[in-house]
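A, B, ... follow the sequence lines: proteins, then strands. Residue 1 opens every chain.
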2 protein chains.
Amino acid sequence: MNLRERKKQRTRDALLRAALELFATRGYEETTVDDIAAAVDVSQRTFFRYFAGKEETAFYVPRLAENQVVEAVRVRPPGEAPLEALRRAVLESWDTINETIEEIVPVELHLRVYRVIESTPALLAAHLRRATELEEELARIIAEREGLDVDADPRPRIVVALFGGVIRVTERLWSAGDDLTLEGMRQLTAAYLDQVGPALAGNWRTEQSP
Amino acid sequence: MNLRERKKQRTRDALLRAALELFATRGYEETTVDDIAAAVDVSQRTFFRYFAGKEETAFYVPRLAENQVVEAVRVRPPGEAPLEALRRAVLESWDTINETIEEIVPVELHLRVYRVIESTPALLAAHLRRATELEEELARIIAEREGLDVDADPRPRIVVALFGGVIRVTERLWSAGDDLTLEGMRQLTAAYLDQVGPALAGNWRTEQSP
DNA sequence: TGTCAATTGTCAGTGGCTGTCATTAGCCTC
DNA sequence: GAGGCTAATGACAGCCACTGACAATTGACA
């Protein structure tokens, strides 16, 4: 790796870290791109040469996690039912996500930024859009597993929509709660996915939820 | 109603219509607030006194439709299963949405704008965020119907997440297709909601989807 | 070492959006 | 119906995200 390449890498890392640190402490809207650039001592223009926009820095780490989930789903044995495959893939990939994140920024910082994403309208909106793109990708993978055509059979997209919906609900509840650890998120997700069956079964009033 | 009030109403309507017309023909990003203001012959500042932002104009009509759906769910007889109540509420309220829209703008214009929303990243993101807020509201209504506590029992949110997910899928498919009528949307939604059961049932490979 | 190409900084400009203040226009009372 | 009051508007200045263009710098490589 060149000196040039190394320098670029260092600038990129520095910008990313400075941005996330500022978002986590001061808030997203309260942080200007000039602030970030100044923290790393480069021009504002240089920031935009590394990131397409302020948003991109906030979603850099989450994107890594998402990619990992997609890979995990791809690798699931084809015998499993779709929802089961999705369930195992998330829970499993979150067991190893820690290291992936820590290579870039402290996990603790990432979790604080995650909370900022959930509580900042503009970021939440962007997050949800990314999520639907992810769902489309997952639907295609599921369809392929089952030997179906995504555009002809609604079922892959429906299952993925259900799954994605549950994930979003847990994300929101987790970020609003006070157990802001990866383990807490994992448990909440597992618990909610366990409730999918009961939620879709007959009469709720006859049986209490655990 | 005052002359003053009437004038305000006319300005608001004119701004809204001008905005939607421009979005539908030229595109959202290609339309500046100055363009909209100029079309109505008011200052840009005045535009921002009527609407919080450019986005708000794009979502004015959709918000009317959403409110109608929420009301329809509220009014559903408590005997119905949650998912069934949601299903009937949407399909039913879409039967009468036509008139509600036409009071503000031509339905045809609204449908064109809707397509712009789905194909413009920034608008799609905002739309999805609004949708999750709507889902939260629906979850509370469902919970109340069933005599449950939304924050203690995951099932209301899960059902609503599934429902919302299916709606989003159909919205996307509809706007990407070529039958851009309310009736087409209605049928697509009904068809997809009918597939929820099959999608969640056992082995997809044994039974073909209709 | 000198040449070439990539990286960066500077500057100017656009578009969304906000605060401020003076002007205008409808409203209401005497 | 004149005049004072208040709400609506316009004009202006400014912030922030983002982009294009061009010049200056800096690493790469012969």
Distance-only, no hydrogens or angles: does the [X] side chain make a donor-acceptor pair with backbone N or O of [Y] under 3.5 Å?
X	Y	result
Arg12(B)	Lys7(B)	no
Thr120(A)	Ile117(A)	no
Arg186(A)	Leu91(A)	yes
Arg115(B)	Leu180(B)	no

Measuring from the side chain of Gln44(B) (C-beta onward, heavy atoms only), which nucleotide among dT7(C), dC17(C), dT8(C) has the closest atom?
dC17(C)
Nearest-angstrom distance from the residue atom [atom1] of [X] to [atom2] of [N]:
X	N	atom1	atom2	answer
Arg6(B)	dA7(D)	CZ	P	19 Å
Lys7(B)	dG26(C)	NZ	C1'	8 Å
Met1(B)	dC27(C)	CE	C1'	16 Å
Arg45(B)	dT20(C)	CZ	C1'	9 Å
Lys8(A)	dT25(D)	NZ	P	21 Å
Asn2(B)	dT6(D)	CG	C1'	12 Å
Leu15(A)	dT7(C)	CG	P	15 Å

Under a 4.0 Å threshold between the charged nitrogen and the carboxylate oxygen, would [Y] count as salt-bridged to [X]?
X	Y	value
Glu71(B)	Arg74(B)	yes
Asp151(B)	Arg157(B)	yes
Glu21(B)	Arg112(B)	yes
Arg87(B)	Glu80(B)	no

Looking only at side-chain N and O atoms, does Ser43(A) come under 4.0 Å of OP1 or OP2 in dT10(C)?
no
With Ile158(A) as partner, the option from Leu193(B), Val196(B), Val169(B) fulfilling side chain to side chain contact (heavy atoms under 4.5 Å, CB included) is Val196(B)
Which of these, Thr11(A), Asp34(A), Val33(A), sits in a side chain to side chain contact (heavy atoms under 4.5 Å, CB included) with Phe47(A)?
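It is Val33(A), the one option of Thr11(A), Asp34(A), Val33(A) that forms the side chain to side chain contact (heavy atoms under 4.5 Å, CB included) with Phe47(A).
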Name the atoms and distances for all side-chain donor-acceptor pairs under 3.5 Å in residues 171-178 of chain B, with sequence neighbours left out.
{"unit_1": "Glu171(B)", "atom_1": "OE1", "unit_2": "His127(B)", "atom_2": "NE2", "d": "3.2"}
{"unit_1": "Glu171(B)", "atom_1": "OE2", "unit_2": "Tyr114(B)", "atom_2": "OH", "d": "2.9"}
{"unit_1": "Arg172(B)", "atom_1": "NH2", "unit_2": "Glu136(A)", "atom_2": "OE1", "d": "2.8"}
{"unit_1": "Trp174(B)", "atom_1": "NE1", "unit_2": "Asp179(B)", "atom_2": "O", "d": "3.0"}
{"unit_1": "Trp174(B)", "atom_1": "NE1", "unit_2": "Thr181(B)", "atom_2": "O", "d": "3.1"}
{"unit_1": "Ser175(B)", "atom_1": "OG", "unit_2": "Glu171(B)", "atom_2": "O", "d": "3.4"}
{"unit_1": "Ser175(B)", "atom_1": "OG", "unit_2": "Arg172(B)", "atom_2": "O", "d": "3.1"}

In Å, rounded to the nearest 0.5 Å, how long is the span from NZ of Lys8(B) to OH of Tyr50(B)?
6.0 Å
Need to verify one output field. Residue with the more 5' nearest nucleotide on DNA chain D, Arg4(B) or Val42(B)?
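Nearest-nucleotide comparison on DNA chain D picks Arg4(B).
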Among [range], which contact DNA chain C at a heavy-atom distance under 4.0 Å?
range	answer
residues 22-38 of chain A	none
residues 47-61 of chain A	Arg49(A), Tyr50(A)
residues 112-121 of chain A	none

Can you find a side-chain donor-acceptor pair between Thr100(A) and Gln68(A) that sits under 3.5 Å?
yes
Can you list everything that forms a ring pair (Phe, Tyr, Trp, His ring centres under 6.0 Å) with Tyr192(B)? Sequence neighbours excluded, please.
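Checked Tyr192(B) against ring pair (Phe, Tyr, Trp, His ring centres under 6.0 Å); zero matches.
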With each end axis built from five pairs of C1' atoms, what bend angle do you get for the helix from dT1(C)-dA30(D) to dC30(C)-dG1(D)? Round to 10°.
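The two end axes of the helix from dT1(C)-dA30(D) to dC30(C)-dG1(D) meet at 0°.
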